[in-house]
Every structure is written in C-alpha cells, then in structure tokens.
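Here's the structure we're looking at; comments come further down.
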Amino acid sequence: MSSEKTPIPAGSNFIRAIIEKDLSQNKYATKKWAGSPGDAAHQDTGVVDVAKIRTRFPPEPNGYLHIGHAKSIFLNFGLARDFDGICHLRFDDTNPEKESQEYVDSISDAVKWLGFGWDNTSETNLYFASNYFDLMYRAAESLIETGHAYVDEQSADEMRINRGTLTEAGKDSPYRSRSVADNLARFREMRDGKHADGSMVLRAKIDMASPNINMRDPAIYRVRRAHHHNTGDQWCIYPMYTFAHPIEDALERITHSICTLEFEDQRPFYDWLLERLAEAGLLAHPLPKQYEFARLNLTYVVLSKRKLIQLVEEKHVSGWDDPRLPTLAGARRRGYTPAGFKLFTDRIGVSKADSWIEYSILEDCMREVLNTDAERRIAVLDPIKLVIDNYPLDSDGKSQSEDCFAPNHPLKPELGKRTVQLTKELWIEREDFMETPSKGFFRLTPGGMVRLRYGYVVKCTGCEKDADGNVTVVHCEYLPDTKSGTPGSDSVKVKGNIHWVSVAHAYEAEVRLYDRLFKEAHPGEGDRDFLADINQDSVKVIKTQLELSLKDAKAEESFQFERHGYFVADKKDSVAGKPVFNRTVTLRDAWQK
RNA sequence: UGGGGAGUCGCCAAGUUGGUUAAGGCACUGGGUUUUGAUCCCAGCAUCCGAAGGUUCGAGUCCUUCCUCCUCAGCCA
C-alpha cells in the first residue's frame, strides 16, 4: 500500500467498505454453493461459489412496493452487480394470513421495471421462504434436540407478562425445563395438528433476564391453521420471522444480509441461531452476517404500509397505482423512471443516521434524467387566442399557413426537427399575456414584443375582454423579417419567447396536473391525523391544446412540454390515437412572481 | 429508567488504522451562455465536526462526562 490516499469512489458507504474488507480477507474463498438453496450437506456437494457475494431483496408479499423499497433494491442488486455477486429475490412468505399471489406478481413487476432480474447465467435466483418450511422444521427439531428450544403452553398474555419490561428481567416459563423428549413429542403434535391455534408455541431457550428483550426466549413457531398461497394446507405451524429469516439467508448462502435499522436488536438472535444450527451440522460456515441501514424518509410523503392502505381503502386516491402515491406502481404512472430512481439512490447515499430526504431531491433526479431523455413537444395548457392581425390571408379569405421547424431535442440535434404550422390564429398560454405587467414580466403585454418560438417576433397591440373584464383574445402584429432560422431573425432582440400552437393545427386533449399529495413536509407529525394534511388540490384535470404529433404518443412515453415540464402518456388511460398525459414534474422556474 | 443505534453546512453524505487549508451532491447566492425565465458553464458557500473537559507536537477521528434523537416488551415482518 502506498502512503497516498486513494480517492473515495463515488457512492462509497459503510456497507461497501465492509464488503471490500471481507473480500480482501478472502472470507468467502472456500464457500461452496450447490446451485440451489440447501443445508450444509447439500452445499457441500457443490463447488466454490462463483458469486463473490450474495445479497437478497426479501419482501413479504403483503403489499405494494414503494420508493423506500427502491432504495433497498438498488442497494442489494447494485452491490451484487458491483462486486461480481448475485442478488436473490426472495419472498418472505412465512405468515399465510397476509400474503397473496397478487402481491408476488406486483412485486416481481416492480423489481423488473427497475431493471433487475433473477435469471442469472447458470441459475434462477427467485426463491420463496415457504419452500424452506421442511428445512426450517428440521432446524427447529435440531434446536430442541440440542436443548435450545422448548414448547411453551403459556397463553400469549402470560408470555407477555413473564417477558418482563425494558428495565426488569423476565420470568422463566413453567414449561421451560421440560425434557428434550417431551419437547420433541409436543412439537410433533403441534405439527400434526393435535393442538389448537394459539395453544402453544415453540420458543428458543436463551435467557429470560437478557437486557435485549429479543433474547428472552423468542417464539419461533406458532400454530396457525391458515391456507398458504404457496404451500396450501400442508402446514398448520409456521415459523416466525426471527427464526425463519436467518435460516433463509443461510440456506441461500447469503453473505451480506442487509436490512433496516429496526432489526438491529434482532442481530444477536440472528447470530445465536445460526451458530447453534452450524454446531449441529445443519449449516455450514461462513454464516451470513446482518447489516442495518437507515430506512428512507421522504418529506411530503407517507411510506408506512398502514397509511398507504388507508389512503387506498378510504379512496383518498384512485388505487395502488394512483400517480400521486409513492408506490412504485404509482410513480411509474406518474412518469418517474428507473434511471431517475437510480440517480436518486446514488444521490441520497446509505448510512445509519436517521434522515429525512427532501422530496425536491427526487423531483430533481427525475428532471435530470428526463431532460436528457425526453423529446420536446408543444402544449398549451391554459389556452387563450392570439390573433396576428397583419398575417396574410389567401385569396379565399382563409389564413395562410407556413412551416416552422422545432427541434425534437435541443441537446440532441441528431433527433431532427419536426414541422409545426403557423397561422393567423394561435393558442398561447393565458399567463403569457398581462395587460398590466407585473415587475419583471417580459412576455406579452400591450406595446411589448416577444418571439413566437420557432416563428416570428410579434408586437402586442391589445386585447379583447368579455363583460366581466376577462381577456378573451390577444392581438398582435408580426415582423415579417424576423422568422427563426432566417438571416433576419436576430434583427430584433427580444427577451421573451413564448410557445404556441395553431388553432387550425392543434387538438384538444385531457392533461392531468399532479402536485404533492400532502401539503405538510411531515404528514401527521405530532398529534395531527395525517389525513388532515392531504393537499386537496393534488390533481387538476384540464383541457389543453396540443400539437398534432402528440396524438401518436404511446403509453408510458415521456415528453417535455416546452416551458412547462415533463409529461407522460398514462399507462392505464391512454388509448391508441388518444393519449392522456400526466404531469410528472414541472420544469424549474427561477422567476419569482 | 435496561439494551441496541445515531448525532459532520438548510437537506443528504465522505471522512476506516489520529497528521497539513473538513470530499462530493442537492439547495442557495452572484456572473456568463441560451429562440425553453429550462438546460449548460464559472465562482462563492462549515476556522468548524451535538456540548464540555482531557490525552497528543498534532483529534471530526483516542479517553471522560453530559445532551439530543431513533429503536426494542406481536404467537407481524
């Protein structure tokens, strides 16, 4: 090693540091992998694992994935990719009552959408915890046989009372010192359906006086007669997360088991369990290690499953894929992109400090990606008519029309230009005209000049108003020598530059303007009901005038509507020839009105 | 109050074995470019690392005490 400091790689974080260290110490140099999950005997038949590390993304299929999961997905799959490893998608389906195929499907879709998969060169790394129930059962018997587990017949209430408190030790269960044979017989009866739900549990036998409550003989198997989405009615006992998760990791030969901070207290049990099972010869070293990072908190958003369910069930939003929701399904309809999420996760980093990320960071990431990716189009969202009074008419009295050329992407000239028609009557944005301009306003105002983007410089001559004083039509005259792209275009310098569509060459379309779902940075903070913080104006459906070419937009295609923002053709409501646009995010606007 | 964590610029976040002027991003502020008040470019932006002591030639990094916040008492995950 040289004494010079090596530059810090981008995206460096404590987990990468741990992995680099583990790898430099050849910690997994002899770790065997038989091509599929299994116990020590199975893995011993394998070869040294080609995957340098193994990580996993282990959602429970009981809900929709949200932006917080995206952070975990990019972390786990990203680490595997960067370190020549493999990341498993594993459904942690150990609680039959809450899980279903619908969620398995939506989660799979979301992971794929973000750009990750589980079909690797020699194996498919898609797993279900429920496929390990046999092995888990064996592990439980092993624990009993080695005197590390017992069947407890206390009621749930008794167990809670005897667990003690944060500051007082718990009391041993009266069933704690039963013989191995007794425990084994009871546990088999549990498995065989001889005991009622809730009548007894299998508990690890550790220490009822441990200062860590998770070590006070945690329950590891419960009796529950429920139909499981994968194993059907095969089992009436199911393992608890505490017990199941470490085993799942070990069977899959995970090296780095990454989870969120609230599981830190669980780590001593994680290690305890795996060591006991390794001692018994069921699992092989090196055992997986758990590392915890801070979960994502985003301002102006709720990410708790409970609150998301409430928003959907009480119909505050249209469904799990409502474009205002922070679910990945919703974000996708909103027009947020996988590349944007990637940028976002890189930008926010990974650490153990609790933090709140400003929602504007996410928006900015989407802008950044969309700016380079999205083609430009012209859309007048709040139309008002502009008449060019001196624009020539044909002999039949109709307006002449001429071609103007608009680049599809100013940063990518290779994407070419498209033709838009200029005529005497145009639609422009209502807010681009002010009869009495406010300070700093440099768009259309009587006597003022502005460029019609890609067209001519025009001079505003006045406006018409209705009985209520609302402006109905704006009038102007054009300067024939100033057409964009001609030598005279720069003869008149103007500061303002407004977009437009020809009345004769535009079509009316529905556009949905989305804003934040919550008006407070921390919804429900303190004693407030988070529902009270809902922004009642989070969606506006408007009638707009769009340039004709937008009719051909395909579902999920994103565009920048010039001077407005990024819009996507809605995945769900668009039909061929009639796309419906959702506003993804506005452009930055530095003009303080 | 017991255990486990975390506190570095408005928001994130590097800083691993103590070594010179504390990375970077976002935001913000100036200036420039620009037919999007967009993008882009350039410059500025912590004498200070929760606080106070201490060790040391030298500390964000070590020690002591204190403060604040998060988290754990499901037969959920």
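Each chain gets a letter, A, B and so on, in the order its sequence line appears, and its residues count up from 1.
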Report the nucleotide, chosen from [options], that has the shortest atom-to-atom distance to any side-chain atom of [X].
X: R163(A); options: A77(B), G74(B), G2(B); result: G74(B)
X: W591(A); options: A77(B), G37(B), A14(B); result: G37(B)
X: N497(A); options: G37(B), A27(B), A73(B); result: G37(B)
X: L166(A); options: A77(B), A73(B), C26(B); result: A73(B)
X: T167(A); options: U1(B), G37(B), C12(B); result: U1(B)
X: I348(A); options: C12(B), C75(B), G37(B); result: C12(B)

Need the glycosidic conformation of G74(B): syn if within 90° of 0, anti if not. Which one?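 Classified syn.
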
Determine the Euclidean distance between corresponding [atom1] atoms of [M] and [N]; express it in Å to zero decimal places.
N: A22(B); M: C69(B); atom1: C1'; value: 24 Å
N: G60(B); M: G15(B); atom1: C1'; value: 8 Å
N: U16(B); M: G3(B); atom1: C1'; value: 27 Å
N: U61(B); M: G25(B); atom1: C1'; value: 23 Å
N: A77(B); M: C72(B); atom1: P; value: 16 Å
N: U56(B); M: A73(B); atom1: P; value: 46 Å
N: C9(B); M: A51(B); atom1: P; value: 10 Å
N: A43(B); M: U17(B); atom1: C1'; value: 37 Å

Does the ring centre of F559(A) sit less than 6.0 Å away from the ring centre of F567(A)?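 No, ring centres 6.0 Å or more apart.
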
Do F341(A) and F74(A) make the cut of ring centroids closer than 6.0 angstrom?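 No, they do not, as the ring centres are separated by 6.0 Å or more.
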
[X]-[Y] side chain donor-acceptor pair, cut-off 3.5 Å:
X: E141(A); Y: Y137(A); answer: yes
X: Y270(A); Y: D249(A); answer: yes
X: D217(A); Y: Y150(A); answer: yes
X: N408(A); Y: R418(A); answer: yes

Given that D93(A) and N371(A) both sit by RNA chain B, which one's nearest nucleotide is further toward the 5' end?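 The answer here is N371(A).
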
By nearest nucleotide on RNA chain B, pick out whichever of D197(A) and K71(A) is the more 5' one.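 The residue whose closest nucleotide sits nearer the 5' end is K71(A).
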
Which part of the nucleic acid, if any, lies within reach of [X] when heavy atoms closer than 4.0 Å are counted: base, sugar-phosphate only, or nothing?
X: Q154(A); result: base
X: D265(A); result: base
X: E562(A); result: base
X: E168(A); result: nothing
X: F293(A); result: nothing
X: Y221(A); result: nothing
X: V223(A); result: nothing
X: Y238(A); result: nothing
X: G485(A); result: base

side-chain hydrogen bond (donor to acceptor under 3.5 Å, both in side chains) partners for [X], two or more places apart:
X: N26(A); value: none
X: Q560(A); value: Y566(A)
X: E102(A); value: Y64(A)

Partner residues of H499(A) under the side-chain contact (heavy atoms from CB on, under 4.5 Å) criterion, sequence neighbours left out: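 With sequence neighbours excluded, H499(A) shows a side-chain contact (heavy atoms from CB on, under 4.5 Å) to I378(A), V380(A), E429(A), D432(A), R563(A), H564(A), given in chain and number order.
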
Mind checking side-chain contact (heavy atoms from CB on, under 4.5 Å) for Q101(A) and listing every partner two or more places apart, or none if nothing turns up?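 Here the qualifying residues are V104(A), D105(A), H229(A).
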
Given Y291(A), F14(A), F83(A), the one that forms ring pair (Phe, Tyr, Trp, His ring centres under 6.0 Å) with H256(A):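 The passing option is Y291(A).
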
Generate the contact string for nucleotides 5-10 of chain B. Rules: B means base contact, S means sugar-phosphate contact only, - means no protein heavy atom under 4.0 Å. SS----

Please list, chain by chain and in numerical order, all residues satisfying ring pair (Phe, Tyr, Trp, His ring centres under 6.0 Å) with F263(A), sequence neighbours excluded.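 By the ring pair (Phe, Tyr, Trp, His ring centres under 6.0 Å) rule, F263(A) matches Y241(A).
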
So for R160(A) and G74(B), does any side-chain atom that can act as donor or acceptor lie under 3.5 Å from a complementary atom in the base?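 Under the 3.5 Å cut-off, the side chain and the base do not form any donor-acceptor pair.
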
Donor-acceptor pair present, D589(A) side chain and G37(B) base, under 3.5 Å: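 Absent.
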
What is the distance, rounded to the nearest whole Å, between atom [atom1] of [X] and atom [atom2] of [N]?
X: N212(A); N: G2(B); atom1: CG; atom2: P; value: 15 Å
X: L298(A); N: C12(B); atom1: CG; atom2: C1'; value: 12 Å
X: L362(A); N: G25(B); atom1: CG; atom2: C1'; value: 15 Å
X: L587(A); N: A38(B); atom1: CG; atom2: C1'; value: 4 Å
X: E363(A); N: C26(B); atom1: CD; atom2: P; value: 16 Å
X: E262(A); N: A77(B); atom1: CD; atom2: P; value: 14 Å
X: F561(A); N: G37(B); atom1: CZ; atom2: C1'; value: 20 Å
X: L411(A); N: C41(B); atom1: CG; atom2: P; value: 11 Å

Who is the Watson-Crick or G-U wobble partner of [N], with both distances under 3.5 Å?
N: A14(B); answer: none
N: C76(B); answer: none
N: A6(B); answer: U68(B)
N: A43(B); answer: U29(B)
N: U36(B); answer: none

Hey, can you pull the residues of residues 202-210 of chain A with a non-hydrogen atom under 4.0 angstrom from RNA chain B?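 When residues 202-210 of chain A is checked for heavy atoms under 4.0 Å from RNA chain B, there are no hits whatsoever.
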
Base of A77(B) and ring of Y241(A) stacked, centres under 5.5 Å, planes under 30°: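 No, Y241(A) does not stack on the base of A77(B).
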
Hey, can you pull the donor-acceptor pairs under 3.5 Å for the side chains in residues 487-498 of chain A, sequence neighbours left out?
from	atom 1	to	atom 2	distance (Å)
S489(A)	OG	T486(A)	O	3.1
S491(A)	OG	G488(A)	O	2.7

